Amino acid sequence: MKRNSIAIVGAAETTDLGRIPNMSQVQLHADAALNAIEDAGLKISDIDGVATAGHNAVEIAHYLGIIPSWLDGTSVGGCSFMLHVNHAAAAIHAGLCKTVLITHGESGKSQQGRFGRPIFPSLFQQQFERPFGATIPPTMFPIPVLRYMKDYNLKEDQLAMVSVVQREWAGRNPRSTFKDPITTADVLNSKMICYPFRLLMCCLVTDGGGALILTKAERAKDHPQKPVYIRGFGESGETPLISQMDDFTSSAAFRTSGKNAFKAAGINHNDVDHLMIYDAFAHLPIYGLEDLGFVKPGEAGNFIADGNTRPGGSLPVNTNGGGLSYMHSGMYGMYALQEGVRQMRGIAPAQINGANISVVHGVGGMFGAAGTVVMSNNDQD
Amino acid sequence: MTDQRELPIPTPETKHFWEGTKVGELRLQRCQECSKHYFPPRHFCPGCGSKKTVVFKASGYATLYSYVISHIPAPGIKPPYAIAVAKLEEGPKMMCNILNCDQTPEALVLDMPLKVIFQKVSDEITLPQFEPK
């Protein structure tokens with residue numbers, strides 16, 4: 001597919017984020033969708049493709065009054081929205097539809113109209129993991145980390161630094177759930193959740209949503225916002241079972257998705273001005289930086305502790321505050337994409353001056369799936 | 001919080017495994033084409049796709065590959081408890097709890113030797129668990 005031939009022309013989050021008990025989950029989808037449609041200068045009737053995760057895409061289309069000619073219900077966890085961007089770009093390119101709406105809404109905190117799990121139950125998880133008490137993300141996602149810590153001599157205070165740096169970014173974002181600065185001591189003294197993970201190393205649980213609108217880049221001039229071009233993308237999956245991850249220090253899904261995205265975009269790591277790595281837990285940016293190839297295996301802990309990803313650092317990462325401090329409804333990928341769009345439009349609260357290329361990388365399940373989107377604010381190859 | 005942990009519901013491809021634990025055998029599968037030892041159970045080899053596979057009794061020896069110690073209440077399990085991954089002598093990894101051991105980082109040392117122990121949790125289900133060797 002030709003680089004930059006598809007653009008994001010509409011992007012918005014729900015009007016409120018955090019605790020939204022007066023809205024059902026479908027309402028959150030619709031609130032975000034209507035905001036994005038307005039942002040794109042469109043009407044609902046202009047939308048002919050609908051994608052969502054964690055919810056039946058047909059219900060979202062029906063709720064909005066759309067009879068779509070293209071649907072995507074890929075639901076592989078929090079990175080599903082990255083995959084939707086990829087699939088939507090391919091579908092538009094193939095002529096299956098013209099204008100795609102991707103929605104996310106999740107009543108993670110208030111549980112208003114949130115039925116069932118946003119990811120399909122796994123046969124083997126039921127038999128070979130859940131009986132041992134591995135039933136919710138904090139009891140599953142951190143399982144590989146002690147292996148990583150031993151193999152690469154990563155220290156707990158380096159893990160804690162991930163949370164500290166995220167909070168520095170969150171302090172620059174008025175919509176962040178948590179803004180007050182924290183220290184590594186704060187993190188290491190916070191409540192033990194699942195050793196070695198403490199409360200401040202775990203993501204938030206909030207309500208919210210977001211939506212994106214994609215169309216052909218040649219139509220972007222018809223829309224009021226500065227277009228954000230899809231320069232390249234990748235996706236992959238490894239296993240729904242954290243215990244069956246091949247290498248506990250590296251995600252095969254991350255490596256495959258990242259490699260393909262960089263190749264498709266025709267960029268190298270020095271070209272990246274801004275990076276989002278889905279941070280459901282504090283180890284995710286460490287694995288992400290290494291598996292995407294920004295640093296060598298075992299180097300990310302020092303790279304973050306040395307300040308490279310913090311405000312003013314050489315590689316700004318998770319500039320909205322991330323899932324650790326900004327918001328995390330359950331499937332955070334949409335918010336990472338929204339921040340990538342804001343940075344490329346030049347309107348982010350913690351704007352990186354002169355940023356032209358943003359890489360947005362998401363995880364689904366517990367290192368189960370991955371999606372990577374390379375965005376650009378210009379259509380130069 | 002219920003007082004019973006979630007129990008596995010065996011399926012056709014896993015029946016041999018759960019029948020094995022009931023009689024004190026940890027059963028793995030081996031591919032007769034490429035010699036791969038694999039778990040979880042499947043009727044074909046996930047390495048090469050061959051359907052020529054055999055069930056065999058594993059040694060029950062493993063090492064502690066990684067773990068967390070959960071402080072979160074869970075059905076039928078009293079926190080804090082370790083959720084661990086044992087690396088079997090034959091190669092595959094398997095999730096388990098570590099029994100007959102303090103549930104502390106000091107007692108749970110990575111790469112320490114483990115051996116399988118069978119924990120009967122209902123008339124139908126016996127879980128494969130591990131303890132320090």
Side-chain angles (χ1 to χ4, degrees), chain A residues 121-156 159 188 190-199 201-202 205 238-250 281-283 287 366-367, chain B residues 4-15 17-18 21 38-42 46 63-87 92-99 103-105 108-111 119 121-122 125-130:
Chain A
S122 149
L123 170 78
F124 284 153
Q125 224 171 25
Q126 197 285 322
Q127 294 187 49
F128 300 114
E129 290 197 339
R130 296 182 64 87
F132 304 101
T135 54
I136 56 173
T139 61
M140 297 189 280
F141 222 151
I143 284 177
V145 177
L146 283 184
R147 182 79 260 163
Y148 181 105
M149 291 173 82
K150 180 171 180 184
D151 286 1
Y152 289 124
N153 197 30
L154 179 79
K155 302 298 182 197
E156 280 181 60
L159 199 53
L188 295 175
S190 65
K191 186 182 172 191
M192 185 63 85
I193 301 295
C194 212
Y195 173 83
F197 279 68
R198 293 172 179 276
L199 183 65
M201 297 172 180
C202 305
V205 181
E238 183 178 1
T239 168
L241 304 168
I242 191 75
S243 65
Q244 300 306 314
M245 190 178 176
D246 182 54
D247 179 350
F248 275 25
T249 70
S250 171
F281 292 90
H283 59 305
Y287 281 67
M366 313 298 135
F367 285 121
Chain B
Q4 174 64 284
R5 68 168 81 207
E6 185 170 328
L7 296 185
I9 303 165
T11 44
E13 74 270 65
T14 66
K15 200 167 160 237
F17 182 86
W18 295 113
T21 56
Y38 66 89
F39 173 85
R42 266 155 279 192
T63 53
L64 180 58
Y65 193 62
S66 201
Y67 68 91
V68 292
I69 301 173
S70 176
H71 291 248
I72 304 166
I77 313 175
K78 190 173 171 293
Y81 67 99
I83 304 169
V85 175
K87 186 161 175 56
K93 296 193 285 283
M94 192 176 281
M95 189 174 277
C96 59
N97 303 122
I98 306 294
L99 308 185
Q103 304 294 293
T104 62
L108 295 159
V109 179
L110 247 56
D111 300 314
Q119 181 184 31
V121 287
S122 76
I125 295 296
T126 295
L127 294 175
Q129 298 280 27
F130 284 80

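Only a predicted model underlies this, so the values are computations on that prediction, with no experimental measurement involved. All values below come from the heavy atoms of this structure, side chains included, with hydrogens, waters and symmetry mates left out. A, B, ... follow the sequence lines: proteins, then strands. Residue 1 opens every chain.
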(message) For a side-chain contact (heavy atoms from CB on, under 4.5 Å) check, start with the C-alpha distance between A:Phe124 and B:Arg42, then their side-chain angles and the critical distance, and finish with the verdict.
(response) CA-CA 11 Å; A:Phe124 284 153; B:Arg42 266 155 279 192; 4.2 Å; yes
(request) Could you walk me through whether A:Gln127 and B:Trp18 pass the side-chain contact (heavy atoms from CB on, under 4.5 Å) test, one step at a time? (result) CA-CA 10 Å; A:Gln127 294 187 49; B:Trp18 295 113; 2.8 Å; yes
(request) Apply the test side-chain contact (heavy atoms from CB on, under 4.5 Å) to residues B:Met95 and A:Ile143: give CA-CA distance (whole Å), side-chain angles for both, the deciding distance (0.1 Å), then the verdict. (result) CA-CA 10 Å; B:Met95 189 174 277; A:Ile143 284 177; 3.6 Å; yes
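Both the backbone and the side chain of B:Phe39 come within less than 4.5 Å of a heavy atom of chain A. The parts of A:Phe128 that come within reach of chain B are both its backbone and its side chain, each placing non-hydrogen atoms under 4.5 angstrom from that chain. Of the two parts of A:Met149, neither the backbone nor the side chain holds a non-hydrogen atom closer than 4.5 Å to a non-hydrogen atom of chain B. Heavy atoms closer than 4.5 Å to chain B are found in both the backbone and the side chain of A:Pro142. Residue B:Pro92: no heavy atom, backbone or side chain, is found under 4.5 Å from chain A.
Remark: the backbone N or O of A:Met245 is paired with a side-chain donor or acceptor of B:Lys93 at under 3.5 angstrom. Remark: the backbone N or O of A:Gly133 is paired with a side-chain donor or acceptor of B:Tyr81 at under 3.5 angstrom.
Ranking B:Val85, B:Leu127, B:Ile9 against chain A, the residue ahead of the rest is B:Ile9, based on heavy-atom pairs under 4.5 Å.
Side-chain N/O atoms of A:Thr135 and B:Glu6 include no donor and acceptor closer than 3.5 Å.
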